[in-house]
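The structure appears below as structure tokens.
The first residue in the sequence is number 1, and the count goes up from there. In what follows, every heavy atom counts, from backbone to side chain, and hydrogens, waters and symmetry copies are set aside. Counting starts at 1 for both ligands and their atoms, in listed order.
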Amino acid sequence: MNPILPVIAVHGGAGTITRAALNAEQEARYHEALDYVLKGGQAILEKGGSALDAVTEAVFRLEECPLFNAGKGAVFTHAGTHELDASIMDGRSLAAGAVACVKSLRNPILAARRVMEDGRHVLLVGEGAEAFARNAGLKTVPPDYYFTEARHAQWQRALSEGRFGMLEGLAAEPIDADTKMGTVGAVALDADGNLAAATSTGGVTDKRVGRVGDSPLIGAGCYANNRTVAVSCTGSGEMFIRMLAAYDVSALMEYRGLTLAEACEEVVMHKLPSIDGRGGLIAVDAQGNVCLPFNTEGMYRGHAQAGGPRQTAIYR
Ligand code: ASP
């Protein structure tokens, strides 16, 4: 048997990202950010680290980067606040942890990881999740920490256009830079053959207070199982929840024997569009195959094998 070649893939959200909407300088900044994120996860895998640590590090870096809609740079709710969701899953044990509707945690993905390690629950929300994270010694931040000019302007435009939850904008053509989503995620396979997935988001612009999307829901926006695949999603969360998108990729592989590419094609290009689900996902299977499908104009994405070149892309 060939030795397993560890691999990591990341995303920074999908949407109507076009060449017209991004200038060369902005484009370069996204490539640079994605490369830095991949590099962090890749370094862990190259040292023989776990897939779980690699996806945690990658998503941590994405949360710290204001370009993406997670941690700093999170989108605004209808009330002008920020509510963040994150999840993580270990494909070896099917252990999982998630937090939703948190407003004061600097890195929701670290809180999700602690919930998983604690083992008692899978999903903690709101104040309870924040208290748990504080007790675990995780960093808290004031509400204005998440603020960025770009997200604020985006929210103002959504308010003036009455585009509640930004989902209507998603269907709009031609291209609208505001409908680009920036949820982040990572999936990895390590040298021991273990898979892991992690997802983190600020949700959708102008969402109702208390709204929870697919990102913190195991099986919807995040799933990992060593028997099949690790998946992290981005897109119109309500449809990803209804389609159990991440788990569906795994189920199609496990029960129908589809390859990774076939299962991804079925979910992203056929099943999600059938209910108007727009977005994409990143997936790596137990053999180290990578698939990064999306049904939007673009998706910030990248992947790298241990010891290999890092590749990043935005458009189709
Ligand atoms: N899926 C996320 C949500 O619905 C949004 C995104 O991917 O940008 O919360």
Backbone or side-chain N or O of T201 under 3.5 Å from ligand 1 N or O: no
Under 3.5 Å: donor-acceptor pair, side chain of R301, backbone of Y315: yes
Any N or O of G203 closer than 3.5 Å to N or O of ligand 1: no
Proximity to ligand 1 by part of H11, non-hydrogen separation under 4.0 Å: neither
For ligand 1, the portion of C233 having any non-hydrogen atom under 4.0 Å away: neither
4.0 Å heavy-atom contact, G13 with ligand 1: no
Donor-acceptor under 3.5 Å (T234 side chain, G280 main chain): no
For D214, atoms of ligand 1 separated by under 4.0 Å from a heavy atom: 1 (N), 2 (C), 3 (C), 4 (O)
Flag for T199-S232: side-chain donor and acceptor within less than 3.5 Å: yes
Y300-H11 aromatic ring centre distance below 6.0 Å: no
Those atoms of ligand 1 less than 4.0 Å from some heavy atom in T234: 6 (C), 7 (O), 8 (O)
N/O separation below 3.5 Å, E238 to ligand 1: no
